[in-house]
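All remarks here apply to the structure that follows.
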Amino acid sequence: MPVSSKADHAPTLIEFSGYTWKVTNATRPAAPGPNFWSNTNVFVDSEGRLHLRLTKNELTGLWSCAEVVSQQSFGTGTYEFFVEGAIDRLDRNAVFGIFQYSGVDMHDEIDIEYSKWGNKKGTNLTYTVWPKKGMSAKYWSSKNTVSLEGTYTTQRMIRTDSDVIFQSLHGFRTDAAYAFHTSRCSRKSIISSEAMPLYLNLWLFKGQPPIDGEDIEIIIHKFSFAPGN
């Protein structure tokens with residue numbers, strides 16, 4: 001989903017998996033959501049794992065979300081994320097996103113998103129490819145309901161000039177075994193060729209708090225990128 005660049009403080013930069021990331025911080029509601037965003041909800045632990053947290057301020061009653069944006073842009077190639085968390089059982093108002101975005105709303109964006117989008121009976125995994133700039137074509141999307149075996153998964157995107165392949169797999173893997181969902185967008189005419197930053201975020205759909213009122217945390221153990229030809 002598109003993300004506001006608005007921030008109320010100087011950017012916080014962190015190092016994760018060999019890359020530099022900017023942490024979003026906004027004390028006024030900002031997209032997506034809109035939501036409040038706090039750099040205290042993001043940290044890298046002593047083992048190099050990235051933590052994203054969604055938390056409630058007990059004094060104000062306000063919820064704040066977490067987001068990081070890569071300072072490097074990436075083009076064709078294989079993107080791989082080792083994720084820890086019950087992402088198939090997120091509160092229906094929570095969204096966990098892994099995506100690329102050039103900054104133009106509804107264009108040049110490639111998403112992996114775990115959420116029920118506020119709908120108790122909704123699907124919980126969406127892959128999306130938005131058309132490149134200058135096109136009015138409809139976006140491509142694949143929506144499914146998935147159930148995990150445990151809380152360790154590999155989330156993978158493979159970008160080529162003609163395809164975007166999405167793979168979600170049980171466990172931390174570098175092969176294609178134990179996939180619980182895969183899908184391919186082969187609409188070459190809409191696929192962006194731009195190198196774009198990566199976004200990792202955990203936020204609330206329409207800014208609505210979790211139904212269960214509980215904090216949420218997702219841990220990303222590793223990100224890797226192998227450039228394509």
Side-chain angles (χ1 to χ4, degrees), residues 1-17 19-45 49-74 79 81 83-85 87 90-119 126 128 130 133 139 155 194-220 223:
M1 298 291 290
V3 177
S4 169
S5 60
K6 297 177 182 177
D8 296 304
H9 301 286
T12 298
L13 299 179
I14 62 170
E15 299 295 323
F16 167 61
S17 284
Y19 299 95
T20 301
W21 307 73
K22 177 183 175 182
V23 182
T24 300
N25 193 84
T27 55
R28 292 174 298 221
N35 283 290
F36 299 96
W37 303 84
S38 176
N39 54 17
T40 63
N41 283 343
V42 175
F43 69 94
V44 177
D45 65 25
R49 302 173 300 186
L50 175 66
H51 295 244
L52 302 177
R53 301 177 66 214
L54 198 158
T55 62
K56 181 180 180 181
N57 184 313
E58 295 300 333
L59 294 177
T60 65
L62 298 175
W63 287 84
S64 59
C65 305
E67 177 180 79
V68 297
V69 185
S70 69
Q71 298 303 280
Q72 178 173 335
S73 294
F74 303 87
Y79 302 73
F81 304 84
V83 177
E84 178 183 354
I87 52 179
L90 289 175
D91 184 276
R92 69 174 182 255
N93 288 333
V95 184
F96 170 56
I98 296 171
F99 61 101
Q100 286 190 283
Y101 174 52
S102 71
V104 179
D105 286 357
M106 296 186 292
H107 292 87
D108 291 323
E109 184 177 345
I110 301 170
D111 303 301
I112 298 174
E113 292 170 307
Y114 283 83
S115 181
K116 289 190 172 183
W117 308 104
N119 182 354
T126 306
T128 311
W130 292 85
K133 284 194 295 286
Y139 65 86
Q155 306 297 325
E194 283 200 31
M196 298 182 284
L198 271 168
Y199 291 73
L200 307 173
N201 60 19
L202 180 61
W203 53 284
L204 293 167
F205 180 58
K206 295 185 177 179
Q208 295 299 305
I211 298 298
D212 62 10
E214 297 293 329
D215 291 357
I216 300 172
E217 182 174 43
I218 291 173
I219 303 170
I220 302 171
F223 159 64

F81 and Y79 have their tightest heavy-atom pair at CE1-CB, 3.9 Å
Taking the side chain as every heavy atom from C-beta outward, state whether I14 and L50 have any atom pair closer than 4.5 Å. yes
So which atom in S102 and which in H107 form the shortest heavy-atom distance, rounded to 0.1 Å? OG-O, 4.2 Å
To the closest 0.5 Å, what do you measure between CD (E84) and CD1 (I220)? 11.0 Å
Intermediate values then yes/no, side-chain contact (heavy atoms from CB on, under 4.5 Å), T12 and N25: CA-CA 8 Å; T12 298; N25 193 84; 5.9 Å; no
Check whether any side-chain heavy atom of E67 lies under 4.5 Å from a side-chain heavy atom of W203, and answer yes or no. no
Heavy atoms, side chains only, cut-off 4.5 Å: are C65 and F36 in contact? no
Shortest non-hydrogen separation from P209 to N93 and the atoms involved: O-ND2, 2.9 Å
Hey, could you give me the NZ/CZ distance between K116 and R92, rounded to the nearest 0.5 Å? 8.5 Å
Distance check, rounded to the nearest 0.5 Å: D111 atom CG versus Y139 atom OH? 11.0 Å
Please indicate whether F74 has more than 12 foreign heavy atoms, meaning atoms of other residues, nucleotides or ligands, lying under 6.0 Å from its CZ. yes
Do T24 and N201 pass the side-chain contact (heavy atoms from CB on, under 4.5 Å) test, and can you show the C-alpha distance, the side-chain angles, and the key distance before you say yes or no? CA-CA 9 Å; T24 300; N201 60 19; over 6 Å; no
L198 and F223, any side-chain heavy atoms less than 4.5 Å apart: yes
Can you give me the closest heavy-atom contact between A94 and S115, atom names plus distance? O-OG, 2.8 Å
Can you name the one residue among E15, Q72, Q71 that meets side chain to side chain donor-acceptor pair (under 3.5 Å) with T20? E15
Looking just at side-chain N and O atoms, do W130 and D105 make a donor-acceptor pair shorter than 3.5 Å? no
For a 4.5 angstrom cut-off between non-hydrogen side-chain atoms, does L200 reach W21? yes
Which of L204, L52, L54 passes side chain to side chain contact (heavy atoms under 4.5 Å, CB included) with I216? It is L54
Going from CZ on F96 to CD1 on I87, what distance comes out if it is rounded to the nearest 0.5 angstrom? 6.0 Å
According to side-chain contact (heavy atoms from CB on, under 4.5 Å), who are the partners of D215, at least two apart in sequence or on a separate chain? R53, T55, K56, W63
Does any donor atom in the side chain of T126 or T128 lie under 3.5 Å from an acceptor atom in the other side chain? no
Output, in order, the C-alpha distance, side-chain angles, deciding distance and verdict of side-chain contact (heavy atoms from CB on, under 4.5 Å) for E214 and D91. CA-CA 9 Å; E214 297 293 329; D91 184 276; over 6 Å; no
